[in-house]
There are 2 protein chains.
Amino acid sequence: MRNTVARDAILEIINTTDEALSQSDVQAKLPEGLCNRVTIYRVLDRLVDEHLAHKITNIDGVIKYANCQSCTTKHKHNHLHFNCERCNTVTCIEAVEPSFKLPANYEVKNVNFLVSGICPECKGN
Amino acid sequence: MRNTVARDAILEIINTTDEALSQSDVQAKLPEGLCNRVTIYRVLDRLVDEHLAHKITNIDGVIKYANCQSCTTKHKHNHLHFNCERCNTVTCIEAVEPSFKLPANYEVKNVNFLVSGICPECKGN
DNA sequence: TTTTTTAATGCAATAGGGTTGCAGTTGCAA
DNA sequence: TTGCAACTGCAACCCTATTGCATTAAAAAA
């Protein structure tokens, strides 16, 4: 995995933003022309492979990425994500890990728990 | 809400299929040329409004629809959905309602719990 | 330092899900 | 039977995301 300008800049953005970001969110935060839009998609996917970010599929189908807190060898993200309908942000609610128990013989590989509604900030306004 | 040929046919499909279906899944099951692809999108949305179907956003961002079991006045679908990576189906696991508790001031309007992995059928083969 | 290797990037084209505007059709109530 | 509004078809469009291929540039090797 090489250290490139695009990778550094995108990782920095992911790590300093406390909401999950889509490719276009990242693009909006990058200096104009720093890299191609396709590169953003590819870097984000690479960050997931490196366990530096995790993927969340939002209610509207758009894929968002957020930084990993403690994923050294394996991703573990069964915490909840909240999508605010008003400000349209997706945030990790790390504190909340829903508990559930599947019937026998289901092999779980990935969890995407998404709750949408109104976040405290928007509710206050 | 009017009773149309398209609505009847699509509702019948949704009600007799025990996996969640996307617009293109429904189209594949409809007699060729019964209606336009746009109509399928619109009918599915209408069925959701009528509380006859509910929406699930799959991991890959595709929206699927499944019939409602007991939604007379209000949708309530905090049951789990399972997406099999192998046969790429999404099924309602009605029996499993994950429990979770959000911090104060979050107003929940919608729940989309999706777990992906391998389903029992595919695991057996 | 220079060379070499190959991962990473840019670009243009493409795919696929979903939506919109509008004219025409049809269910259904009056 | 008539009239209205809900529904549909069609074409165009938007958006997210992916792919193939030529080029560039990290970083290891010489």
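As the structure is a computational prediction, the values presented were derived from the model and not from experiment.
- Rounded to an integer number of Å, the gap from A/D45 CG to D/dT18 P is 6 Å.
- Whole-Å rounding puts the B/D8 CG to C/dT26 P distance at 15 Å.
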Short N/O separations, protein against nucleotides 3-10 of chain C, under 3.5 angstrom:
| residue | atom | partner | partner atom | Å |
| --- | --- | --- | --- | --- |
| C/dT6 | O2 | A/R2 | NH1 | 3.3 |
| C/dT6 | O2 | A/R2 | NH2 | 2.9 |
| C/dA7 | O4' | A/R2 | NE | 3.3 |
| C/dA7 | O4' | A/R2 | NH1 | 3.4 |
| C/dA7 | O4' | A/R2 | NH2 | 3.2 |
| C/dA7 | N3 | A/R2 | NH1 | 2.8 |
| C/dA8 | OP1 | A/R2 | N | 2.9 |
| C/dT9 | OP1 | A/T4 | OG1 | 2.7 |
| C/dT9 | OP2 | A/R46 | NH2 | 2.2 |
| C/dG10 | OP2 | A/N36 | N | 2.7 |
| C/dG10 | OP2 | A/T39 | OG1 | 2.3 |
| C/dG10 | N7 | A/R42 | NH2 | 3.0 |
| C/dG10 | O6 | A/R42 | NH2 | 2.9 |

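- With the end axes of the helix from C/dT1-D/dA30 to C/dA30-D/dT1 each set by five pairs, the angle from one to the other reads 30° at 10° resolution.
- At a threshold of 4.0 Å, the pair A/R86-B/E107 does not count as salt-bridged, since none of the basic side-chain nitrogens sits closer than that to a carboxylate oxygen.
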Would you sort out whether B/F100 and B/F113 count as a ring-ring contact (aromatic ring centres under 6.0 Å, His included), showing the intermediate values?
-> CA-CA 11 Å; B/F100 65 97; B/F113 282 168; 5.4 Å; yes

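- Remark: P of D/dT16 and CD1 of B/I63 are 14 Å apart, rounded to the nearest angstrom.
- Using cut-offs of 30° and 60° on the angle between ring planes, the pair B/F82 and A/Y106 is perpendicular.
- Between A/H77 and A/C68, the closest heavy-atom pair is NE2-SG, 3.2 Å.
- Computed from coordinates, the B/K64 NZ to C/dG16 P distance equals 15 Å when rounded to whole Å.
- For B/D18, the CG atom sits in a loose shell: 12 or fewer heavy atoms of surrounding residues, nucleotides or ligands are nearer than 6.0 Å.
- Ionic pairing of A/K29 and A/E12 is not present here: no N-O contact between side-chain nitrogen and carboxylate oxygen is shorter than 4.0 angstrom.
- Note: CG (B/D60) to P (C/dA15) measures 19 Å, nearest angstrom.
- Partner of B/Y41 under the side chain to side chain donor-acceptor pair (under 3.5 Å) criterion, chosen from B/Q27, B/R46, B/Q23: B/Q23.
- For A/L30, the side-chain contact (heavy atoms from CB on, under 4.5 Å) criterion is met by A/A9, A/I10, A/I13, A/V26, A/L34, A/C35, A/I40, not counting sequence neighbours.
- Computed from coordinates, the A/N88 CG to D/dT16 P distance equals 11 Å when rounded to whole Å.
- Atom P of nucleotide D/dA17 and atom CG of A/L21 are separated by 13 Å, given to the nearest angstrom.
- A donor-acceptor contact closer than 3.5 angstrom links the side chains of A/S24 and A/S22.
- With rounding to whole Å, A/Q23 atom CD is found 15 Å from D/dC14 atom C1'.
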